[in-house]
Amino acid sequence: MKHSQLIVTLVLLAAGPAFIGSAAAHPKLQVSVPPQGGSVDVSPTELQLSFNEGVTPKFSQVDLKDAGGKAVAIGAVASGTSKKQLVVPLPTKLPVGNYTVNWRVVSEDTHRVEGNYSFKVNR
């Protein structure tokens with residue numbers, strides 16, 4: 001191997017992990033209100049989903065289902081206090097019970113990720 005080819009190979013090997021790390025980055029749900037797997041004593045007025053990187057509300061979706069799988073009416077997905085947060089208003093009080101939040105987000109760098117979590121309203 002020529003000296004110049006060796007240098008190029010070493011540079012590519014050294015830089016490879018940086019490229020792989022950035023390519024593998026996807027938004028991950030960090031914090032939610034109501035909390036994932038938690039319970040609240042009163043019906044929340046909104047859902048808050050905070051991610052580890054910026055997400056695009058225009059291309060993101062959130063839906064809410066009750067314990068029977070029936071869709072619950074919610075407001076439009078909007079940005080929260082930062083680009084990493086989505087806020088969804090809940091126009092009506094949620095009855096006592098278990099709920100599942102299904103979310104699909106698109107990050108600022110166009111990665112698409114989806115997930116879900118549950119919470120309970122106690123009263």
Side-chain angles (χ1 to χ4, degrees):
M1 184 178 280
K2 294 181 184 177
H3 181 68
S4 60
Q5 289 175 320
L6 179 60
I7 291 174
V8 169
T9 301
L10 291 174
V11 167
L12 290 174
L13 286 173
F19 290 118
I20 291 169
S22 64
H26 293 295
K28 292 180 180 70
L29 184 63
Q30 301 283 298
V31 177
S32 62
V33 177
Q36 299 178 52
S39 62
V40 293
D41 288 332
V42 295
S43 176
T45 58
E46 66 183 11
L47 302 175
Q48 297 176 15
L49 292 85
S50 298
F51 296 86
N52 65 325
E53 63 182 75
V55 293
T56 308
K58 181 178 179 179
F59 301 115
S60 298
Q61 297 177 316
V62 176
D63 65 58
L64 181 64
K65 299 203 177 195
D66 65 16
K70 182 180 175 188
V72 176
I74 59 174
V77 176
S79 288
T81 56
S82 76
K83 293 179 180 181
K84 296 178 180 182
Q85 185 182 59
L86 297 177
V87 175
V88 182
L90 299 175
T92 59
K93 184 177 177 182
L94 298 176
V96 170
N98 294 308
Y99 294 88
T100 300
V101 176
N102 299 297
W103 53 267
R104 290 164 294 289
V105 298
V106 176
S107 67
E108 291 180 321
D109 60 359
T110 70
H111 289 121
R112 298 170 196 259
V113 179
E114 61 184 66
N116 61 65
Y117 70 92
S118 297
F119 68 91
K120 180 179 181 179
V121 175
N122 292 324
R123 43 183 147 144

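Position 1 is the first residue of the sequence; numbering continues from there. Computed over heavy atoms, backbone and side chain alike; hydrogens, waters and symmetry mates excluded.
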Go through the steps for V77 and K58 under the test side chain to side chain contact (heavy atoms under 4.5 Å, CB included), then give the verdict. CA-CA 8 Å; V77 176; K58 181 178 179 179; over 6 Å; no

Going through the distances and angles, do Q36 and L29 end up as a side chain to side chain contact (heavy atoms under 4.5 Å, CB included)? CA-CA 10 Å; Q36 299 178 52; L29 184 63; 3.5 Å; yes

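Atom NZ in K120 sits 6.0 Å away from atom CG in N98 (nearest 0.5 Å). Distance CZ/R112 to OG1/T56: 10.0 Å, rounded to 0.5 Å. Taking OG of S60 as the start and CG of L86 as the end, the distance is 5.0 Å to the nearest 0.5 Å.
Residues forming a ring pair (Phe, Tyr, Trp, His ring centres under 6.0 Å) with Y99 (at least two apart in sequence, or on another chain): F119. In terms of the salt bridge (charged side-chain N to carboxylate O under 4.0 Å, His left out) criterion, residue partners of D63 (sequence neighbours excluded) are, by chain and number, R104. Among residues two or more places apart in sequence or in another chain, the side chain to side chain contact (heavy atoms under 4.5 Å, CB included) test is passed with S82 by K84, Q85. Not counting sequence neighbours, S43 has no partner by the side chain to side chain donor-acceptor pair (under 3.5 Å) test. The side chain to side chain donor-acceptor pair (under 3.5 Å) test applied to S79 returns no partner, not counting sequence neighbours.
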Distance-only donor-acceptor hits, side chain of residues 64-73, under 3.5 Å, sequence neighbours excluded:
| from | atom 1 | to | atom 2 | distance (Å) |
| --- | --- | --- | --- | --- |
| D66 | OD1 | G68 | N | 2.9 |
| D66 | OD1 | G69 | N | 3.1 |
| D66 | OD1 | K70 | N | 2.9 |

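P44 has its side chain within reach of L90: a pair of non-hydrogen atoms, C-beta onward, lies under 4.5 Å apart. No side-chain heavy atom of V121 sits under 4.5 Å from any side-chain heavy atom of S39. At least one side-chain heavy atom of L47 sits under 4.5 Å from a side-chain heavy atom of V62.
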